[in-house]
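Everything below concerns the one structure shown next.
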Amino acid sequence: MIADSASSASGAEGSLTFDSLTQRLFREAVVEVAEQAKSVLPECHDRIEQAVQLLFSGEVQWLPDGTVQMGDAEQEGALSHVQETCPCPESTQAPRGWCVHRLVGAIAKRTAPLVQARLAALSAPSQPEPPPSEEDGDALDRVTLPSQYIQLIDGKPFVRYAGLLAMAHQRGLQQLEATFLSVTDSLALAQATATFKDGRRFTESGDATPENVHVGVRPHFARLALTRAKARALRDALNIGMAAVEELA
């Protein structure tokens with residue numbers, strides 16, 4: 001478990017209870033910090049992965065004195081200082097002394113303020129919107145995004161495609177079609193049309209290249225053009241100005 005600032009409720013000292021939103025933000029922040037750590041410490045890739053799994057397991061406790069306590073099969077109750085040396089045998093063999101315990105502490109320290117900031121951003125009061133006029137159309141024009149459909153990246157909110165699809169179905173989505181306009185080795189163009197039960201249709205396009213998709217899906221980059229086109233059509237239909245996660249490079 002992680003620092004008090006990232007918790008929704010506290011139990012015993014240093015022990016935290018996470019609600020579902022905080023838990024999701026926590027996991028996202030851990031992954032984000034871990035990816036940054038891998039770029040700085042590529043030789044510690046496997047140890048960073050182990051540290052992430054320890055944090056996800058809930059067996060980690062960040063104490064007020066700046067130490068991290070965790071369950072360890074070889075060293076039960078081991079304590080590791082976040083920014084100092086760790087007494088475990090592994091620290092003498094790990095690159096630059098970055099054993100799993102120190103990595104857990106470092107990731108935990110950087111994760112907690114990220115979660116706190118993102119919770120604050122989500123809970124900040126928004127400016128009241130003016131009442132809709134006759135030109136605004138029907139009640140579908142204004143949509144309130146549930147928090148589970150929002151993902152914060154570098155402190156900025158983005159909507160998930162799965163959330164757009166779920167909200168569109170709730171509001172009468174009848175058909176969502178996407179087709180390729182053009183596909184080459186370097187660029188894929190697609191077009192999508194969302195049709196609703198009341199007859200409204202929204203058409204948008206999307207593109208993808210091997211360079212603007214995640215490395216893990218690079219062999220299938222063309223499919224991202226379809227997803228991006230569908231996300232944009234659904235955003236138009238739902239009157240959501242926030243970009244979708246899948247639209248990001």
Side-chain angles (χ1 to χ4, degrees), residues 1-8 10-119 151-156 158 160 210-220 245 248-249:
M1 304 280 184
I2 290 299
D4 295 356
S5 59
S7 70
S8 59
S10 299
E13 181 179 358
S15 178
L16 306 176
T17 302
F18 287 79
D19 60 26
S20 59
L21 172 61
T22 307
Q23 181 67 22
R24 177 166 63 80
L25 293 177
F26 163 73
R27 294 179 71 89
E28 290 174 356
V30 166
V31 171
E32 182 179 327
V33 173
E35 289 303 313
Q36 294 171 357
K38 290 174 187 176
S39 65
V40 176
L41 299 167
E43 66 273 30
C44 295
H45 184 282
D46 291 344
R47 286 186 170 88
I48 292 170
E49 286 293 320
Q50 293 176 40
V52 168
Q53 293 308 312
L54 277 171
L55 286 163
F56 285 172
S57 72
E59 297 177 0
V60 176
Q61 196 173 26
W62 198 15
L63 304 179
D65 64 356
T67 58
V68 173
Q69 185 173 6
M70 67 196 76
D72 190 316
E74 297 180 0
Q75 253 191 311
E76 186 175 357
L79 288 175
S80 119
H81 288 273
V82 172
Q83 291 182 319
E84 300 176 7
T85 58
C86 176
C88 80
E90 182 192 353
S91 65
T92 59
Q93 303 172 1
R96 293 188 255 176
W98 283 107
C99 64
V100 172
H101 306 111
R102 284 193 68 206
L103 289 167
V104 166
I107 295 172
K109 181 181 179 182
R110 288 158 179 78
T111 294
L114 280 178
V115 175
Q116 182 184 27
R118 292 170 184 184
L119 282 172
Q151 179 174 339
L152 287 171
I153 301 175
D154 292 333
K156 297 180 181 179
F158 297 88
R160 300 170 185 268
E211 289 74 32
N212 70 6
V213 302
H214 189 276
V215 63
V217 297
R218 196 163 286 170
H220 315 288
V245 175
L248 300 179

Which residues share a side chain to side chain donor-acceptor pair (under 3.5 Å) with Gln151, sequence neighbours left out | Arg160
Indicate the atoms forming the closest heavy-atom contact of Val215 with Pro219, along with that distance.
-> O-CD, 4.2 Å
Please set out all donor-acceptor pairs under 3.5 angstrom arising from side-chain atoms of residues 41-49, sequence neighbours excluded.
{"unit_1": "Glu43", "atom_1": "OE2", "unit_2": "Arg96", "atom_2": "NE", "d": "3.3"}
{"unit_1": "Glu43", "atom_1": "OE2", "unit_2": "Arg96", "atom_2": "NH2", "d": "2.9"}
{"unit_1": "Arg47", "atom_1": "NE", "unit_2": "Glu90", "atom_2": "OE2", "d": "2.5"}
{"unit_1": "Glu49", "atom_1": "OE2", "unit_2": "Lys38", "atom_2": "NZ", "d": "2.2"}

